[in-house]
Enquirer: 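Sharing a structure, written as C-alpha cells. Questions coming.
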Amino acid sequence: MAVLDLPPTLEQVAHLQAKLLEAVHGGAKQLKTVLPSDVLVSILRATEAQLRTEPSLVELSVEDPNAQVFVFGDTHGHFPDVAYIINELGYPSPTRIFVFNGDYVDRGSWGVELITLLCCLKCAAPKHVYLLRGNHESSTCTKYYGYSQEIRAKYEKQAKDVYSASKKLFSVMPLAALIQKNTLVMHGGLFRKPPEPKRGAKRRKSVHPSRAGAVGKLEPGTLDHLRQATKGGMDPDGCGSSLLATDVLWSDPVAALGFAENDARGVGLTFGPDITEAFLRENGLKLIIRSHEGPDARDKRSDLPQVLEGYSYDHNTPAGRLVTVFSAPDYPQFQVVEEEGENAGKRYENLAAVAVLSAPDYATPNMRTFAAVKPRPKADAYYDFEACCDSDTELPAGSEGGSEGGSAGGGSAASDADVDGDEAEGLPASQSVEMAEAKPACDMAEAKPAVVAEAAPVPADAAPPVALVVEPPSEPIPAACDAMDVEEQGQGGGDATATATPSPQGGGGGGEERGEDAAAGPAATEAAAACGNATPAAQQGDDAMGTDPDGPTESAAAAAALATPVVKQADHAMEAAAPEGRSDSAGPQVVPGEPPAAEAAVVAGSTNEAEAGQ
C-alpha cells in the first residue's frame with residue numbers, strides 16, 4: 001500500500017500522479033479505487049488551510065537569478081495534458097516556481113484528478129507552487145459546467161463531502177500574483193476602483209451595483225486596492241465586498257479604448273489598451289498575464305487575435321504589454337462540430353502555452369507550447385455541452401447546465417452535491433493516509449453521455465501513452481526537460497519561430513507543424529462570452545440584466561496606436577511588439593513597431609497524435 005503523507009513528499013506526488021493517470025483509462029468509478037473520498041477530502045482541506053494564510057495578492061520576490069517562473073493559464077480538467085507538461089518542465093523546486101492562473105475544473109472530464117495533483121504539489125512545495133482563483137472556482141460555475149456532476153459520477157454517496165471541501169478550497173484561493181514587482185498575473189483582467197463604503201449600507205443582492213447606479217464613473221483600481229480586497233467568498237457575484245474579486249475573475253481586454261461594463265458576459269468589465277497602459281504606469285508594472293479566454297471565445301471575436309497557439313499578445317503599449325495565456329490544449333474537450341461540409345469534424349486543436357519568466361526583470365515571457373496528449377482516454381461530458389457550447393454565455397434562468405434535462409453526467413448533481421457553509425472543518429496539523437492500489441477497470445457513470453465529437457479514445461486494454469509514464473517513488477523526481485533541438489525558421493521581416501523536438505522515453509518523433517488558418521471559423525463582431533453562468537447565483541430568478549449589443553462606443557481604429565500586433569496566418573504565431581522606447585535586457589533588442597523574434601517551443605504531446613484523427 002502506498003502512503004501519502006500530509007504534507008506529501010514530491011516523490012509521493014509523482015507516484016500518485018502515475019496512479020491517477022492509470023485510473024483515467026478505467027472510467028469514472030475507477031478513481032475512488034486509487035483515491036478514496038476521505039483521502040481526497042483530507043488533501044483539499046490541507047490545501048485550504050495553506051491557502052487561507054495567503055493574501056489576495058501574493059507577492060513573489062525571486063532571489064535566485066537562475067530561477068524561472070512558469071505561468072499556466074486555464075487547464076479545465078485536462079489532467080493528462082497538465083501531467084505531461086509538468087513532467088516536461090520538471091517538478092517545482094527553488095529554481096522552478098509554478099503559478100497556476102485558475103479555471104482548473106469544469107468543461108473537462110478530469111477536474112478532480114487535476115485539482116488533486118495541483119493541491120498535492122502545493123502542499124509538497126508551498127513556496128514554489130501558487131494556485132490563483134479563476135471564475136470557475138465558484139459555486140455557480142461548478143454547478144452548471146460539470147464539476148459537481150463529475151464528483152457525483154466518481155464518488156456517488158461521498159460526493160457531498162468532496163464538493164463541500166472543494167468549494168471551501170476555492171473560496172480562499174488568492175486572486176492575483178505580483179512577480180518581482182514587474183509582472184501581475186490574474187485570471188480575467190483589470191478591476192475598478194471600489195466605491196467608498198457607506199456606513200450602515202446593506203449589501204444589495206438583486207442587481208449588480210454599478211448597473212443599479214451605486215457606482216459612478218468607472219476608474220481603474222490599484223495594486224493597493226487588490227491587496228486590501230477580499231477573495232470573493234464561495235460565489236463572487238459582483239455585490240458588496242466581492243465586487244473587486246468579481247472584476248478580476250471575469251473582465252476581458254478589448255481593442256477599443258475605454259473602460260466599460262462587460263455586457264457580453266453580464267459581469268465584470270472590458271478595458272482597452274489605454275486603460276492597460278494607465279494601469280501599468282500607475283503601478284510601476286511592465287507585464288500583465290491573464291487567461292480566461294480559450295479558442296472558442298476568441299473564435300467569435302474580431303478585435304483580438306486567436307489563441308490557437310495557446311497565447312495572444314492583446315495590448316502592446318509604451319508602458320508594457322498584456323498577454324492572454326491558455327493551457328488547455330484541444331479545448332473544449334467536448335465540441336459541437338459540423339457533420340457535413342469542409343469543416344466536418346473540425347476541432348480547434350489549439351496548443352497549450354506556458355509563459356516562462358526569467359531574470360533579470362521577469363517581465364519578458366518566453367512561451368513554451370504543447371500539443372494535446374493523444375489518443376485521449378474515453379470520457380463522459382458532465383454538462384450539456386451542446387446547450388452551453390459557448391464559453392461563459394448567460395444561461396436561461398432556472399436552468400441547470402443549460403439543459404432542462406440535466407447533464408450527461410447526472411443532472412441532479414448540482415443540487416444533490418451542493419453544500420452551504422464558509423468555514424472548513426478542523427484539520428490535524430499532520431496526518432498520513434493510505435492510498436489504495438488501482439483495481440481493474442470499472443463501468444463508466446450510469447448516465448449515458450451525449451454523442452460528442454472528441455479525440456479517438458484509447459482501447460480499453462491499451463497501456464497509457466508512453467509520454468505520460470511517471471517514475472515510481474524510488475526513482476528521482478522529474479528534472480527539467482532535456483535540451484531540445486531548436487530550429488529557427490525565418491519568416492521574413494525579422495520574424496522567427498523556434499520548434500522543439502521532444503524525445504519522450506521510449507518514443508520518437510518530432511514536434512508537429514500546424515498549417516491551419518489562424519482564424520478558426522468566422523469571427524463575430526461582438527465580444528465573446530467565455531465560461532459559466534454569467535448571471536450571479538444571487539440573481540437567478542430575477543430579470544436578466546440588459547446588454548448593450550454595440551459594446552464600447554470607441555472604435556477599434558481609434559486604438560490603432562496601442563492595439564494588438566498582426567497575426568501571422570501561416571503558423572498562428574502571435575508575436576508582440578516590444579513596448580515603445582524600452583528594451584528588455586533579457587531579450588533581443590526590438591525596433592518599435594516590429595515584432596520580436598519568437599521563442600515559442602512547440603512540444604508534441606504524443607507521437608501517436610497523427611493517428612488519432614477526429
Side-chain angles (χ1 to χ4, degrees), residues 56-57 102-103 106 132-145 167 170-176 186-198 201-222 225-226 228-254 259-271 275 290-293 391-395 397 422 527-548 551-552:
S56 295
L57 175 61
D103 278 14
D106 287 345
L132 305 184
R133 189 174 192 175
N135 62 303
H136 274 276
E137 279 70 60
S138 66
S139 298
T140 298
C141 278
T142 53
K143 286 179 185 178
Y144 287 93
Y145 275 78
K167 293 195 301 178
F170 298 158
S171 72
V172 298
M173 286 181 168
L175 299 177
M186 54 188 167
H187 183 72
L190 297 184
F191 47 92
R192 76 193 79 200
K193 177 182 178 181
E196 293 296 330
K198 295 181 180 179
K202 293 184 178 180
R203 186 174 186 269
R204 301 188 59 165
K205 288 188 175 182
S206 60
V207 187
H208 190 281
S210 63
R211 296 174 189 275
V215 177
K217 179 182 177 181
L218 287 174
E219 298 180 45
T222 66
H225 292 131
L226 192 53
Q228 298 164 8
T230 70
K231 295 177 179 178
M234 285 197 176
D235 204 23
D237 60 5
C239 297
S241 61
S242 74
L243 176 60
L244 190 147
T246 305
D247 286 347
V248 168
L249 301 180
W250 286 92
S251 295
D252 294 300
V254 293
F259 209 26
E261 297 291 344
N262 195 336
D263 290 326
R265 293 188 190 274
V267 64
L269 304 168
T270 61
F271 56 97
I275 304 300
R290 49 92 62 177
S291 304
H292 195 38
E293 289 182 285
S391 296
D392 294 356
T393 51
E394 291 188 347
L395 299 176
D422 294 316
C531 131
N533 181 10
T535 304
Q539 299 175 23
Q540 292 175 20
D542 295 332
D543 293 338
M545 291 178 290
T547 60
D548 178 9

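What you see below is based on every heavy atom in this structure, not just the backbone, and it leaves out hydrogens, waters and symmetry mates.
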Enquirer: In Å and rounded to the nearest 0.5 Å, what is the CG to CZ distance from Asp247 to Phe271?
Expert: 10.5 Å
Enquirer: Quick check: do Val267 and Thr246 have side-chain heavy atoms less than 4.5 Å from each other?
Expert: yes
Enquirer: Please check: side-chain N/O of Lys231 versus main-chain N/O of Ser171, any donor-acceptor pairing under 3.5 Å?
Expert: no
Enquirer: Got a salt bridge between Asp235 and Lys167, using NZ or NE/NH1/NH2 to carboxylate O under 4.0 Å?
Expert: no
Enquirer: Report the C-alpha separation of Thr142 and Asp106 in whole Å, then their side-chain angles, then the decisive distance to 0.1 Å, and conclude whether the side-chain contact (heavy atoms from CB on, under 4.5 Å) test is met.
Expert: CA-CA 6 Å; Thr142 53; Asp106 287 345; 4.0 Å; yes
Enquirer: Please determine whether side-chain contact (heavy atoms from CB on, under 4.5 Å) holds for the pair Ser242 and Asp237, giving the CA-CA distance in whole Å, both sets of side-chain angles, and the decisive distance to 0.1 Å.
Expert: CA-CA 7 Å; Ser242 74; Asp237 60 5; 3.1 Å; yes
Enquirer: Please find the pair of heavy atoms, one from Leu226 and one from Leu57, that lie closest to each other, and give the distance.
Expert: CD2-CD1, 3.9 Å
Enquirer: Passes side-chain contact (heavy atoms from CB on, under 4.5 Å), His292 versus Arg265? Steps please.
Expert: CA-CA 12 Å; His292 195 38; Arg265 293 188 190 274; 3.2 Å; yes
Enquirer: Tell me the closest heavy-atom pair linking Glu293 and Pro253, and the distance in Å.
Expert: OE1-CD, 4.1 Å
Enquirer: What is the distance from atom CD1 of Ile275 to atom CD of Glu219, rounded to the nearest 0.5 Å?
Expert: 10.0 Å
Enquirer: Provide the closest heavy-atom pair for Ala176 versus Met186 in the form atom of the first, atom of the second, distance.
Expert: CB-CB, 3.9 Å
Enquirer: Hey, could you give me the OG/OH distance between Ser138 and Tyr145, rounded to the nearest 0.5 Å?
Expert: 11.5 Å
Enquirer: Minimum heavy-atom separation for Met173 and Glu137, please, with both atom names.
Expert: SD-CG, 3.9 Å
Enquirer: If you round to the nearest 0.5 Å, how far is OG of Ser251 from NE2 of His187?
Expert: 10.5 Å
Enquirer: Is the backbone of Thr230 close enough, under 3.5 Å, to the side chain of Ser241 for a donor and an acceptor to pair up by distance?
Expert: no
Enquirer: Would you please name every residue forming a side-chain contact (heavy atoms from CB on, under 4.5 Å) with Ala245, sequence neighbours left out?
Expert: Leu175
Enquirer: Does some side-chain heavy atom of Arg133 sit less than 4.5 Å from a side-chain heavy atom of Pro236?
Expert: yes
Enquirer: Check side-chain contact (heavy atoms from CB on, under 4.5 Å) between Pro174 and all other residues, then give those that pass, not counting sequence neighbours.
Expert: Leu51, Glu54, Val58, Leu132
Enquirer: In chain order, what residues pass the side chain to side chain donor-acceptor pair (under 3.5 Å) check against Thr222, with sequence neighbours excluded?
Expert: His225
Enquirer: Mind checking the CG-SG spacing from Leu249 to Cys141? Nearest 0.5 Å is all I need.
Expert: 9.5 Å
Enquirer: Any side-chain heavy atom of Arg290 sitting closer than 4.5 Å to one from Asp252?
Expert: yes
Enquirer: Does Arg192 form a side-chain contact (heavy atoms from CB on, under 4.5 Å) with Leu244? I'd like the steps, not just the answer.
Expert: CA-CA 7 Å; Arg192 76 193 79 200; Leu244 190 147; over 6 Å; no
Enquirer: Tell me the closest heavy-atom pair linking Val254 and Thr270, and the distance in Å.
Expert: CG1-CB, 3.9 Å
Enquirer: Donor-acceptor pair, distance only, cut-off 3.5 Å: does the side chain of Asp103 make one with the backbone of Asn135?
Expert: yes
